[in-house]
Structures are given as structure tokens and as C-alpha cells.
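Atom set for the values below is all heavy atoms of this structure, side chains included, hydrogens, waters and symmetry mates excluded.
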Number of protein chains: 2
Amino acid sequence: MSRSTGRRLGRAGIRDVAAAAGVSITTVSDALNGKGRLPDATRSHVREVADRLGYRPSAAARTLRTGKSGLLGLTVTTYGDEPFTFTEFAYFAEMARAATSAALARGYALVILPATSRHDVWSNVALDGTVVIDPADGDPVVTELVRHGIPVVSDGRPGGALPVTGWVDNDHEAAVLGLLDHLADAGARRIGLLTGTTTDTYTRLSTTAYLHWCERVGQDPVYESYPAHDPCAGAVAADRLLARPDRPDAVYGLFDPNGTDLLAAARRYGLRVPEDLLLVCCSESTVYASTEPPITTLSLKPRRIGTAVVQILIDAIEGLDNGLPIEQVIPTDLIVRTSSQRRSARTTVSPPRGPAGA
Amino acid sequence: MSRSTGRRLGRAGIRDVAAAAGVSITTVSDALNGKGRLPDATRSHVREVADRLGYRPSAAARTLRTGKSGLLGLTVTTYGDEPFTFTEFAYFAEMARAATSAALARGYALVILPATSRHDVWSNVALDGTVVIDPADGDPVVTELVRHGIPVVSDGRPGGALPVTGWVDNDHEAAVLGLLDHLADAGARRIGLLTGTTTDTYTRLSTTAYLHWCERVGQDPVYESYPAHDPCAGAVAADRLLARPDRPDAVYGLFDPNGTDLLAAARRYGLRVPEDLLLVCCSESTVYASTEPPITTLSLKPRRIGTAVVQILIDAIEGLDNGLPIEQVIPTDLIVRTSSQRRSARTTVSPPRGPAGA
DNA sequence: CTTGTTAAAAGGTACGTTTCTGCATGGTGA
DNA sequence: TCACCATGCAGAAACGTACCTTTTAACAAG
């Protein structure tokens, strides 16, 4: 059997479409991709034949030929042993969702990849670019990607002079300072911090901002650290913080679960929130709107970050950037709820009295 | 310039490695892939040269040649307008995480794709198989994938005779029945249900199981429905349920946020939990361990489901299955906490469920 | 009649692998 | 010596597409 008629197995290729339509391969390619100079009659005829045969172009062949795969890597640096322990779950989920949407809107898809440098995984997929969440200083994966000319944009300001194409981050210092001012305005005299032992940029910047603030207002720092990837350790650390002799009258928790942890610890010690203890934590979770009392949260706007990261990355891939690294700062959002408002006892919604009242 | 020396731009290819190592292309390929019959000396020599040149095989070329891309699609059927509104956030995140890990462990990576039938996205990526979460009856994307011979495994029993390669799901009927028995054992006389208006399998099976149970024990059904993708609607429906004249003394909420919604509603009506109202909701979130009081949850074991789905899919791709569709049922896990225990104030240990009851 | 111009379509090569087939070589048993 | 086989390696054909180059036809202008 000759090469033109040979394969009856498998899907229809561009050759089969060309033969069935009575035109050349080039014409089919041009017709389907909207290129070349073809009369509309030919174009629609080819399209119809392709449809009839159920033709789908081979992504692999196209990628091989054009050098563009339409795939973006998405990597989360992890702590601990499990491959994908995101401590900031809601944050990651929101960010990834926004990134996926933004990529899709521009014709790209996201591939989830491990942060480890397992070559056999990374090299088995053709990437046009990569999004890295919270890269470690001198991350080997990032370094190698950049060395191979693959654009890399990071969520979180990269440390260690990582040669990324660009990055997006919040102004963590400003956020923490503003938040502490807010607590002080609400009457806090000694503000405590629940922070992490890891060395990632977020933890580091937030903690130093706290220390600076303490220095400025002349307060002794009161903080507890714990490995952020261990949820139980968070509860323990929250307890430790409230058990100290120099117990704070307000606490900021850097991580998502800290709000409930601190609330539980406060209950154990008979502390009323917000009367005896003001509470704020950094979280994207909506549960803090309906805890008792609702807890003030700092939102890092993961959706805006995810969108921005992908836009920068795709711009770089498509050569729409100016070549310089792009740095973008996304403002944070302090969502003030009862837990950080000492004075106003007014609740926002008037409780509808039900039948059989208390 | 000839084809052998021509390209100094771009990365090193297998040809360059062959030339530098003084062997043929075949030998390089065999050496790196562990195939063929080569002495260890040659093998290691080739590997060393490849390393020195920073050689990375082209995934696109390999995929084109072998027909295997090592990529699995991951799709979530969505409700509402946004492309990725997962109502069960924690569930999806956990499931996706487990699926990603399992895939990675077997050398595959996951690509996140939209459930819409945008051809230009789906056909731009070469997939070896696809995981579909909660497919709609007669889902066109699934149908087309199967028609093209791509294995599809679904999380959630597919309705509408969808010709999937296999599926994994919980036994939702049994879970709901057991849960209702548990509430009845704790003293509930009238159990209410907070359910969804959507027609997905989970909602449908759970609701009918509830109705069956009511019929069996001779209780009038007491339930409220709301569009599960709207978080505010959940709070409203919870309120409505507790405002009814035939107010239930126990409620099961089908969706993740229902626990906090119901707790807030109970507070508004001055109902004590668990004394006046028993509460259970289906959730994977750990926040319910530290609410006041802690809330009993039904876990669907998303990690086990994600792992199982991927194993079945990869088995099918690699031809390790027997060809028949595979159906796997994952047991659920009722995590009993204070909110569903009227008598014993003692915590934590879940009562061993005997089949007896009554 | 020649030449230039343009539309329409065909030819053919390259993208970078994997892998089938085949060619030497040297050792072994008959 | 010869046939035979295992070993170690090379040649070359695909895989399916995109795109650069060329051909053909038609037609207007010189």
C-alpha cells in the first residue's frame, strides 16, 4: 500500500482532508488557519470536508512545527514531604482559577507541575512559559528554565536574584503596617503576631514589617512561629501566643487557618473577641464572614495576581513586552469585620426574629 | 550551510549529541531511553555528552512519533457564568491535588481545561486521556473525546448513558441513609435537608435518598433548595429552613459552606447546637473542627477518589485494563463532632456504626 | 504577440524524535 | 571452513503539520 492511501486506522490527517476535498495539503492548512489567499468558496469547502471527516489537527505536529505549544506550566513551591501541600489553600485555589481563566481567554492552557527538578516530568511537556508561585531563592528549576530561554513569571517577589521574566506581588510591608495601624486605632496596646518558620518571601517581609512597626511605636514584639505547612502546629502556636505572660490584646495571624485557631484559643482562655482580644488574619476564605464573631481578614487579591501573572507571561511569550523584567504590585484589601472593632457593638444585619423566640 | 551543521541557534538536538559523542542518532536515542543493546560504556558516554550539551529531548517530537503525550486533561463541569466556579472548593482542591500527585507518580502531568466545548482549546493540546469531574448528562465534550478514542474517566457516576471508560464515586445513598440514622439515634425527630437546585448526580441521589428515608420512617420531608453555585443563596436558604413553621430539630446540608450558614442562622433564631438543633454537613474543610461548637461532617474522601480516577485512567491508557468499563465505589467517612451528639458531651470518638438502629 | 501582474493552488522541506531494518564483526559449534 | 548467532551500531523511514517556493492560469497592459 502506498503512503497516500495506506492508513485506514487512526484519525483523519490533513492529507486525508486534502484528498477528500480534491486540493493540496497547503490549501487545507491555509484554509483552516485563515492564511494564504484563497477564495471563500474553497475555504468553506475545505472546512466542510474537514468537519465531515471529523478532522482534528495534531497538536504535537503543530507544536513541533511552530515551536509553540500553547501550554503554560504552573508550579507551587511546597514545604514538607507531600508534593502539593499548599498551606494557603483558598489563596492557591483562587489564584490558580484566575490564572486558568486568563490563560484560556488567550488560548493557552495550564499544566500543573511539581516544584521538584524531576527532569523526566518537566522535559516531557513542551511549555511556552511557566508561572511559579513563591519560588525559593535560587530555585534550580527556575534557573534551568530561564537558561533554556523559557519565560518565567513568579507570583511573589523572587529572592536570590532569580532571573525571572517578571513578577507580581503585593506590597506586604505596606499591608502589614496599615493593618497594625488599624488595630492600634481600634485600641490595641500590644499587638502579637502569629508567623511562620519558613523563609519564603511572604513570611519574611511580613515579619520584618511587624518588627519595624513595633520599633517605631515602641512596643516589644510578641510573636510565635510555627511551620506553616503543619495545620496542627498552627493551633498549638496560637495557644502558646495567648498563654504568654505578656499576652497581647490583639493578634495578626499570617496564615489562613490562624483565624479559627486563634478564636478557639481565645475561647479556651475565656477571652472575648473583640472586647478582650482583637483579631485579624490573612485569608481568602469566606468562612470568616460567618464565624462568631466575624473575623477581619487581609485579602491578597489572588484573582488579580493570577490574572496579572498570566498576562505578563503571555505578553513575554508573544514578544509583546519590551524585554525588560516586569514588576507589578497588587494592592491588598483589608476586610474589616467585628473582630477588630472594639467600639461599635452594632451588628450589620438586624436579626430577623423567628417563631418561638428564646 | 548543510543540514548537519546549520543551526547554531536554539537548543541542542539529538543530532548534535550524536555528532559530539561520535555515534549515530539511533545510539543516542537508545542510550538515553534505556533501549537497544548497548554496552554500559557507550551508554554512560552518551549520557555524559548529552548532559554537557544541556540536551533536552523535544516533547513535541516525541509525542508526534510515539503518539503518547503524557498529558491528562482535568475538567470540572461548572454552573453559573464563570468558567471555573467550583462550589465544593475544598473538595475540588483536595481531589485535584491527589489526582496530580497520582499522575505525577506515574509520569503523567495534568492539564486544566474548561468544560465548554471550545474546540480550539481542546484540540490544541494532545491528551492521552481525560478526567471529568461531575459530567452533565450527555456531555458533548465527553462524547467527542470518547468518539476519538481518548479514554475518559469521571469523578461522579455519569448519567445519560455517557460512554466513559470508567468512573469513581461514593455511594451517596448509603452515606445519606447512614447519616440520617445517626441523627435519629442522637434524638432527632424531624430532620431537614439543605439541598441544591442543580440536577447533577450528587444532588439528585442525595435528595432522593433523603426522601426515601423520610418515607421509610414516616417523616414529612422538610427541605429547602438553592442554586449551589451562589454562596449568598446558601445563607438565605439556611435561614429559610430554620424559619419554617415546621422547623426541623436536625439539619443536613449537602454543600460545604452549609455548616457555617446553618450555625449563623441558628444563632439568629437563638437555637443552641446541639441542644436545640443537630447539625451535619458534607465538607472536606477542617474549619468545622474548630467552630463553636465543632460540626459533624461527611467526608467524601476526595483524595482517594482523585487517586483512583487517575489510576483507572492511566491503566486504560497503557492497556492494563480488561477493556470493560471500571466502576469503583469509595466509602464515605462520617466525622462525628459535637454538633450531632445530643447526649454525650464527651468528644471525638466516633460511635462504631452498627447496622441495627431503631 | 509579448510581458507583467495577480490569484489560486501545488510541491517539497524541515521540525526532532523513535524505531524498524540492516550491516558489520567476532566468537562458537559442527 | 562454513554456517549461525549475538552483539554493537548506523541508515532511513515515518509521525502530521506549517510555510517557503514554485507553478499554472488568466488576464490586462504595452
Side-chain angles (χ1 to χ4, degrees), chain A residues 1-7 9-19 21-46 49-50 53-70 120 123-126 148, chain B residues 1-7 9-19 21-46 50 53-70 120 123-126 128 148:
Chain A
M1 39 179 130
S2 86
R3 80 204 47 164
S4 54
T5 68
R7 180 189 9 74
L9 318 167
R11 311 219 320 269
I14 199 175
R15 262 196 305 269
D16 305 302
V17 176
V23 297
S24 75
I25 293 178
T26 305
T27 304
V28 174
S29 178
D30 283 350
L32 295 180
N33 296 335
K35 305 200 170 179
R37 307 168 304 195
L38 300 178
D40 287 350
T42 309
R43 231 176 261 280
S44 56
H45 174 228
V46 168
V49 171
L53 297 187
Y55 168 71
R56 296 273 167 267
S58 150
R62 171 175 295 169
T63 300
L64 178 59
R65 180 62 233 242
T66 62
K68 299 275 159 231
S69 67
D120 49 338
S123 59
N124 251 335
V125 39
H148 279 18
Chain B
M1 39 180 133
S2 86
R3 80 204 46 167
S4 54
T5 70
R7 179 189 9 73
L9 317 167
R11 309 221 320 270
I14 200 175
R15 263 196 305 269
D16 305 302
V17 176
V23 296
S24 76
I25 292 178
T26 306
T27 304
V28 174
S29 179
D30 284 349
L32 295 180
N33 295 335
K35 305 201 170 179
R37 309 164 301 197
L38 298 178
D40 288 350
T42 308
R43 230 175 262 279
S44 56
H45 175 227
V46 168
L53 297 187
Y55 168 71
R56 295 274 167 270
S58 151
R62 170 174 297 169
T63 299
L64 178 58
R65 180 61 232 244
T66 63
K68 298 275 159 232
S69 67
D120 50 339
S123 61
N124 251 335
V125 40
D128 290 347
H148 278 20

[atom1] of [X] versus [atom2] of [N]: gap in Å, rounded?
X: B:Leu64; N: D:dA18; atom1: CG; atom2: C1'; answer: 13 Å
X: B:Ile14; N: D:dA10; atom1: CD1; atom2: P; answer: 12 Å
X: A:Asp16; N: D:dC15; atom1: CG; atom2: P; answer: 11 Å
X: A:Arg56; N: D:dT17; atom1: CZ; atom2: P; answer: 12 Å

Where do A:Val17 and A:Val49 come nearest, in terms of heavy atoms and distance?
O-CG1, 4.0 Å
What are the two closest heavy atoms between A:Ala126 and B:Ala59, and how far apart are they?
N-CB, 3.6 Å
For B:Thr66 and B:Gly22, take the nucleotide of DNA chain D holding the closest heavy atom to each; which residue's nucleotide lies nearer the 5' end?
B:Gly22
Contact list please: residues 24-34 of chain A against DNA chain D, heavy atoms, distance less than 4.0 Å, in numerical order.
A:Thr26, A:Ser29, A:Asn33
[X] side chain to [Y] main-chain N or O, any donor-acceptor pair under 3.5 Å?
X: B:Ser44; Y: B:Asp40; answer: yes
X: B:Arg11; Y: B:Arg56; answer: yes
X: A:Thr66; Y: A:Arg62; answer: yes
X: A:Asp30; Y: A:Thr27; answer: no

OP1 or OP2 of D:dT17 less than 4.0 angstrom from a side-chain nitrogen or oxygen of A:Arg15, does that happen here?
no
Between A:Arg62 and D:dA18, is there a side-chain N or O to OP1/OP2 distance below 4.0 Å?
yes
Proximity to DNA chain C (any heavy atom under 4.0 Å), residues of residues 35-46 of chain A only
A:Arg37, A:Leu38, A:Pro39, A:Thr42
I'd like to check the side chain to side chain donor-acceptor pair (under 3.5 Å) partners of B:Ser69; sequence neighbours left out, ordered by chain and number.
B:Asp128
CD1 on B:Ile14 to OG on B:Ser29, rounded to 0.5 Å
4.5 Å
